[in-house]
Amino acid sequence: MTDSPAADSPVKTPLIRSYRELMSDSGNRSLSAALVLHTVTGCFEGLALLAFLPLARTLGTGDTAWGMGTTGWLISLGVLAAIAFAVRYAEARVGYLAAVDFIRFAHHAIGDALAKLPLGWFDRRRTGRISSLVSHQFMTAGEGIAHLLPALVSGFATLLTVIAGLWVFDWRLGLILTVLAPLTVLLLWLSQRIKKTIDARTHSSADEVSSRIVEFATCQPALRAAGRSHGFAPLDDAAAEDTRNQHNSLWISSAALALGAVAVQLLITSGIVVSGLLALAGALAPLVTVAFIGVMLRFAITLQNLSNSVVGIEMGRIPLRQAREILTAETLPEIETASPLPKPGEVEFDRVSFGYVPESRVLEDFSMRIAAGTMTAVVGASGSGKSTAAALIARFWDVDSGTVRVGGTDIRDMPTSQLMAQLTMVFQDVYLFNDSLWSNVAMSDPDATDAEVYAAAELAGVTQIAEVLPHGWQTVVGEGGRSLSGGERQRVSIARALLKKAPIVLFDEATSALDGENEANVMRSVDELRRSSTVLVIAHKLETVQRADHIVVLDGEGGIAEEGTHEQLFAGGGRYREFWDKRASAQGWRLTQG
């Protein structure tokens, strides 16, 4: 595996280097071999073009040119064509190997990098871009290696070979192309620069449409509940902006392409005029002049193709730049060696301060201790930091200051694998994989026996789900578990927790989507977990809170308002009593007639 790229600098990373950073060692060797073969192919194609000039001279005069007659030059053309064909086949094969390696390795590199990034790095905009990146954009970049890079390198080698050969054959012909080629290249560069600028703007608006589509799909439950499933203003606005950009791109790109066409015609016309004047003056033989005009036409086509390849290969920078952004994003520092855990099952916040943005702290100088083998409930107003505290225990983010300890050790001093082995998380948003119901439960402990999986599923109420599914336990639940309800997905998540038997279990609103009957299954699961694990529960339901050994009430300003047992806090008449009275009053609501 190649080294990770360094952080981006203000200087644009060379294109070949950007590709190499996303390829394996064998892929890089294939790319190097392909570049050499592209160059060799271009040189032979240039020599084949040049061979028409001495051939024309021998045909017109009957004399030899550079020691060979017409037959010799015809044989030379055949040999050059055969060599060019053989080399072209070899470069195509090696180039495809390099392209396939890039696509495969880049996907793995991005996947590995995403797995190490803190959850705070992800947002809807980046989610849409990642989806686009790993699908068609990497394919586009791979096509750059397989198709555009060969045309670029071989085309450049062909042009240099032709110009150098013309200077050797007739310095006046060499001078014509030496003067005209840079001017043509400049106009073509200007043409493609204009097109590249407008294409970048169009690509940006297309990314925005992709992000809004992801958002529209993700928010379907909320949109349908609000009666807005047939119209989504952010998506409509993004699509309208993309349409405007595409329309502008069409007109500007047409103008840019017209400028490029003018540049090529200028080269051809000027070459024909100058060579024609030389022929009229007797400086060039008629057949040589005709052959030179043919070389000019082929030269112009090569130049045009070269220009198009430059634009295409430059567009490949967009996914490479996005991939580099992911690969160089700041990750949480991690050690490799497991640390001792002097206090198994204990969780402690020691003067922790944390905010998702620097100017706004969610927790401020926050200290809390959860004793091993106990059940602690955290309550507080929405936005007070309950879920944030649970996420910090799992090290979804690093604290700004202070320390979070698990098992008596700073979580920053243990590898992720060790920390995750200590925790089981049951959060509000449960994700199930596009696999069978059985596999989604069993994934938390691959070594578990069938009996253990069944026992965990029965206790969490998953057995009832399997009984009504069309294929029972082998029913595929769909991507994200979309074929199950929110409550059913939470029951699967709780079954995972029971099966894993981790020392610490984090419940974030674990009963929020369950009805009374299924909530009873969950609470039985919680009671079972309390026998062997430390349990942290973030909940609003009175029954869940009252079961806790210890209750922590957040003050909404980053700290703790009060803590203690249910009886102590209820008798204290503080925030917890206010919370309790409001919840109890809400539970007594009922609909009455009239």
Side-chain angles (χ1 to χ4, degrees), residues 107 111 114-115 124 127-128 130-131 134-135 210 213-230 232 235 420 424-502 505-529 539 541 544:
H107 277 94
L114 291 175
R124 293 191 184 277
T127 301
I130 291 170
S131 174
V134 299
S135 54
S210 178
I213 289 174
V214 171
E215 182 180 29
F216 180 61
T218 305
C219 298
Q220 276 300 300
L223 290 171
R224 294 186 185 189
R228 299 280 301 279
S229 60
H230 296 292
F232 188 54
L235 177 57
M420 290 298 102
T424 290
M425 295 163 282
V426 183
F427 287 164
Q428 286 174 290
D429 297 325
V430 178
Y431 187 90
L432 303 184
F433 295 96
N434 188 27
D435 205 338
S436 68
L437 179 64
W438 174 272
S439 298
N440 271 283
V441 174
M443 65 167 293
S444 62
D445 185 2
D447 299 323
T449 64
D450 289 356
E452 290 173 328
V453 176
Y454 279 125
E458 175 67 27
L459 194 57
V462 179
T463 302
Q464 296 95 310
I465 302 174
E467 289 173 349
V468 300
L469 291 175
H471 302 291
W473 287 103
Q474 298 308 313
T475 301
V476 176
V477 299
E479 190 68 37
R482 61 177 179 268
S483 64
L484 303 182
S485 69
E488 289 171 334
R489 290 196 295 271
Q490 281 195 329
R491 278 185 274 168
V492 174
S493 182
I494 292 167
R496 290 173 174 172
L498 288 164
L499 186 63
K500 185 177 180 181
K501 300 175 183 177
V505 182
L506 309 177
F507 280 91
D508 188 352
E509 305 289 355
T511 60
S512 61
L514 302 180
D515 56 29
E517 178 183 354
N518 292 315
E519 184 180 350
N521 288 326
V522 174
M523 297 319 299
R524 285 199 304 271
S525 303
V526 172
D527 290 338
E528 177 67 23
L529 288 165
K541 291 195 174 183
T544 307

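Since the model is a prediction, treat every value here as computed from it, not as a measurement.
Put simply, the side chain of Lys500 does not reach to within 4.5 Å of the side chain of Asp445, judged on heavy atoms. No side-chain heavy atom of Asp435 sits under 4.5 Å from any side-chain heavy atom of Val476. Residues Phe433 and Val477 fail the side-chain proximity criterion, which asks for heavy atoms closer than 4.5 Å. Between Leu437 and Leu469, some side-chain heavy-atom pair lies under the 4.5 Å cut-off.
Taking all atoms of both residues into account, the shortest heavy-atom contact from Ala442 to Leu499 is CA-CD2, 3.8 Å. The two atoms that bring Tyr454 and Thr463 nearest to each other are O-OG1, 4.4 Å, heavy atoms only. Shown here for Ala495 and Ala456, the closest heavy-atom pair between the two residues is O-CB, 3.7 Å. Counting all heavy atoms, side chain and backbone alike, Val441 lies closest to Ser444 at O-OG, 3.4 Å. Taking both residues in full, the closest heavy atoms of Ser483 and Gly478 are given as OG-N, 4.2 Å, listed atom of the first, atom of the second, then distance.
Here the straight-line distance linking atom CZ of Arg489 with atom CG of Leu484 works out to 7.0 Å at 0.5 Å rounding. If you take CG on Asp527 and CG on Leu459, they are separated by 9.0 Å, rounding to the nearest 0.5 Å. With values rounded to the nearest 0.5 angstrom, Ile494 atom CD1 is found 8.5 Å from Leu529 atom CG. Annotation: the span from Trp438 atom CH2 to Thr475 atom OG1 amounts to 13.5 Å, rounded to 0.5 Å.
Judged by distance alone, the side chain of Glu488 and the main-chain N or O of Ser485 form a donor-acceptor pair under 3.5 Å. Within the 3.5 Å criterion, the main-chain N or O of Thr449 finds a donor-acceptor partner in the side chain of Glu452. Ser436 contributes no side-chain N or O that, together with a main-chain N or O of Gln474, makes up a donor-acceptor pair within less than 3.5 Å. A donor-acceptor contact shorter than 3.5 Å links the side chain of Arg496 to the backbone of Asn440. A distance-only check finds no donor-acceptor pair linking the side chain of Arg491 to the backbone of Val462 [under 3.5 Å].
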